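Quick caveat, the model's predicted, so the values are computed rather than measured.
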Amino acid sequence: MSDFNMFCYQCSQTARGSACTAKGVCGKDALVARLQDNLIFAMKGISAYNYHANELGARDEEVDEFLTKGLYSTLTNVNFDAADLIQLGLDAGEANFKVMKMLKEAHIEKFGEPVPAEVKVGAQGGPAIIVTGHDLLALEELLKQTEGTDVKVYTHSEMLPAHGYPELAKYESLAGQIGGAWIDQKKIFSEYNAAILGTTNCVLIPKDDYADRLFTMDIVKVPGATVIEDYDFKPLIDKAIELGGPEAEELTTITTGFGLSTILSLAPQIKELVLAGKIKRFFLVAGCDTPNPRMNYYREFVQELPEDTIVLTLACNKFRFNDLDLGDIEGIPRLLDLGQCNDAIVAIELAVALCDLFEMELNELPLTIVLSWMEHILWTLLYLGKTDMFIGPVLPAWANEDILNVLVGNYNLTPVSTPKEDIKKIMG
Ligand code: SF4
């Protein structure tokens with residue numbers, strides 16, 4: 001946790017003209033300052049999903065109203081009530097639930113519901129464009145414009161689930177995946193002689209050796225990159241052709257695209273296997289990846305899980321383990337990739353369906369969530385009343401002991417320890 005008791009420099013009263021780091025000149029204490037930070041971070045995620053849902057023509061007035069109220073609640077001399085700021089965290093969870101649902105429905109309406117897809121990983125030779133970020137609409141427009149050319153379009157990081165959507169997978173130019181989570185982009189983009197498109201957050205300021213091949217669009221701006229205007233990808237496609245592309249390499253495969261309907265079609269079989277004791281527990285192992293070596297926890301955790309467990313995953317920490325062959329349990333794959341971070345809504349809808357299937361409450365299900373911290377997703381799960389989750393391995397700098405005590409005391413959250421110890425604790 002952070003060495004600072006607090007850090008606030010949001011107003012002109014700030015201590016020594018730099019920052020209030022012990023107590024606010026305005027009277028704000030560390031707990032309130034940190035809970036306000038939490039709210040801002042949760043709203044960042046909600047705003048990103050809301051922005052992309054709006055691009056697809058979907059709007060929710062209540063989400064917009066929450067974003068205004070939530071941001072206003074973080075201003076100087078307006079809300080010093082820690083309990084209310086925790087409630088606002090839960091309200092953020094509710095707003096995030098709504099916005100994820102809205103975005104998922106908009107994705108399904110436009111691109112169809114995902115179906116499992118085996119994706120080739122690696123360069124296949126010839127002119128190439130690598131697309132990173134989360135914006136499926138941008139990818140669709142690019143695929144339309146590359147169709148009929150020799151240019152191959154590869155997904156990177158959170159774009160991987162695009163391969164599961166029928167209305168995106170139908171394009172021949174959608175060739176495969178290159179690289180893993182956002183954290184490898186400097187290495188991958190340097191290594192592959194391709195044009196690159198950054199569509200959303202998780203794009204890094206480029207190294208000089210690929211800045212002139214990097215294109216961004218819309219809200220994404222980084223020094224040295226060319227901005228695409230009005231979905232006109234001609235400069236990007238021309239660059240890919242000019243470069244000639246990377247050499248073909250040996251390919252591997254990974255599977256993505258487990259939509260809700262696909263999994264629910266297996267519900268009777270899943271029920272039978274659970275009742276027969278052949279599936280003991282489901283795990284949702286998900287979250288954002290970071291370069292911290294402690295994130296290897298996730299690979300070890302999944303590797304150590306007993307063979308009678310099923311792993312659901314989403315967001316980019318899955319690249320820590322989605323190359324593992326976990327096999328299947330009588331035809332049910334043990335590793336099910338549900339999609340991007342916003343597809344946490346699929347996991348939630350699946351959990352609700354499992355509650356119906358087994359006539360159990362959410363916290364009675366044989367389901368354990370292990371989450372690398374994403375404020376908005378965590379608060380959605382807390383808003384839904386989910387308890388007993390494992391979080392970590394790195395806690396966010398805004399959390400202090402008081403906040404952690406609330407999360408542990410009210411929701412029985414457990415900061416992760418070692419994969420073996422945690423699995424022992426969970427499986428009994
Ligand atoms: Fe300091 Fe309060 Fe201003 Fe923050 S809002 S900088 S704590 S005086």
Side-chain angles (χ1 to χ4, degrees), residues 1-15 19-51 59-102 341 344-345 348 362-363 369 371 373-389 391-392 395-415:
M1 280 181 285
S2 163
D3 292 338
F4 284 114
N5 196 22
M6 62 183 281
F7 186 91
C8 183
Y9 65 168
Q10 68 171 237
C11 86
S12 55
Q13 299 180 79
T14 194
C20 299
T21 55
K23 189 173 172 78
V25 174
C26 65
K28 190 189 289 187
D29 64 22
L31 183 60
V32 166
R34 285 162 178 265
L35 287 170
Q36 288 185 341
D37 290 343
N38 161 61
L39 192 53
I40 289 171
F41 300 151
M43 287 191 297
K44 286 194 304 184
I46 299 168
S47 301
Y49 299 162
N50 201 33
Y51 188 91
R59 282 203 168 274
D60 184 324
E61 256 181 48
E62 288 176 4
V63 172
D64 295 342
E65 279 169 14
F66 173 76
L67 288 172
T68 306
K69 182 183 173 187
L71 188 57
Y72 184 29
S73 303
T74 66
L75 292 190
T76 315
N77 302 344
V78 68
N79 188 345
F80 294 134
D81 185 335
D84 191 58
L85 286 161
I86 290 173
Q87 182 56 51
L88 280 163
L90 294 168
D91 294 347
E94 182 181 11
N96 186 53
F97 175 82
K98 286 179 187 160
V99 80
M100 288 195 299
K101 193 165 164 50
M102 177 168 72
C341 51
I345 191 66
I348 290 166
L362 180 61
N363 289 317
I369 297 178
L371 200 65
W373 202 277
M374 297 186 288
E375 283 81 8
H376 52 302
I377 307 284
L378 176 75
W379 283 102
T380 295
L381 293 165
L382 298 179
Y383 152 72
L384 292 169
K386 181 71 188 118
T387 60
D388 305 300
M389 292 182 280
I391 53 169
L395 297 181
W398 57 264
N400 65 4
E401 219 172 319
D402 289 335
I403 295 172
L404 206 56
N405 286 342
V406 169
L407 295 176
V408 172
N410 292 1
Y411 300 99
N412 199 28
L413 294 196
T414 304

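Residues passing the side-chain hydrogen bond (donor to acceptor under 3.5 Å, both in side chains) test with Asn79, sequence neighbours excluded: Asp84. Qualifying salt bridge (charged side-chain N to carboxylate O under 4.0 Å, His left out) partners for Lys98, counting only residues two or more places apart in sequence or in other chains: Glu62, Glu94. Every residue two or more places apart in sequence or in another chain was checked for a side-chain hydrogen bond (donor to acceptor under 3.5 Å, both in side chains) with Asp29, and none qualifies.
Within the 4.5 Å cutoff, the side chain of Glu375 has no heavy atoms near those of the Leu378 side chain. A heavy-atom distance below 4.5 Å is not found between the side chains of Ile403 and Asn38.
Taken to the nearest 0.5 Å, the CD1 atom of Ile348 stands 10.5 Å off from the NZ atom of Lys101. Here CH2 of Trp379 is found 15.0 Å from CE of Met374. Values are rounded to the nearest 0.5 Å. With rounding to the nearest 0.5 Å, the separation of CG in Asp64 from CZ in Arg59 is 5.5 Å. Here CD1 of Ile369 is found 4.5 Å from CG of Leu381. Values are rounded to the nearest 0.5 Å. With rounding to the nearest 0.5 angstrom, the CG atom of Leu407 is 6.5 Å from the CG atom of Leu382. Here the CG-CD1 distance, from Asp81 to Ile86, works out to 9.0 Å after rounding to the nearest 0.5 Å.
Nearest heavy atoms, Cys26 versus Gln13: CB-NE2, 3.9 Å. When all heavy atoms of Lys23 and Lys28 are compared, the pair lying nearest together is CG-O, 3.6 Å. Scanning all heavy atoms of the two residues, the minimum distance from Ile377 to Ala344 falls at CD1-CB, 3.8 Å. Across all their heavy atoms, Ser47 and Leu67 have their closest contact at OG-CD2, 3.8 Å. Pairing each heavy atom of Tyr411 with each of Leu90, the nearest pair is OH-CD2, 3.5 Å. Shown here for Met6 and Ala33, the closest heavy-atom pair between the two residues is CE-CB, 3.6 Å.
Although no hydrogens or angles enter the test, the distance criterion places no donor-acceptor pair under 3.5 Å between the side chain of Thr14 and the main chain of Cys11. Put simply, the side chain of Gln10 gets close to the backbone of Thr74: a donor and an acceptor are under 3.5 Å apart. Between the side chain of Asn96 and the backbone N or O of His376, at least one donor-acceptor pair lies under 3.5 Å.
Between Trp373 and Trp398, the ring planes lie perpendicular to each other; the angle is over 60°, past the 30° to 60° tilted range.
Residue Arg34 forms a side chain to side chain contact (heavy atoms under 4.5 Å, CB included) with just one option from Leu39, Leu85, Asn400, Asp402, and that option is Asn400.
Side-chain N/O atoms of Asp388 and Asn363 include no donor and acceptor closer than 3.5 Å. Of the N and O atoms on the side chains of Thr387 and Asn412, not one donor lies less than 3.5 Å from an acceptor on the other residue.
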Yes or no on side-chain hydrogen bond (donor to acceptor under 3.5 Å, both in side chains) for Glu401 and Asn405, after CA distance, side-chain angles and deciding distance? CA-CA 6 Å; Glu401 219 172 319; Asn405 286 342; 4.7 Å; no
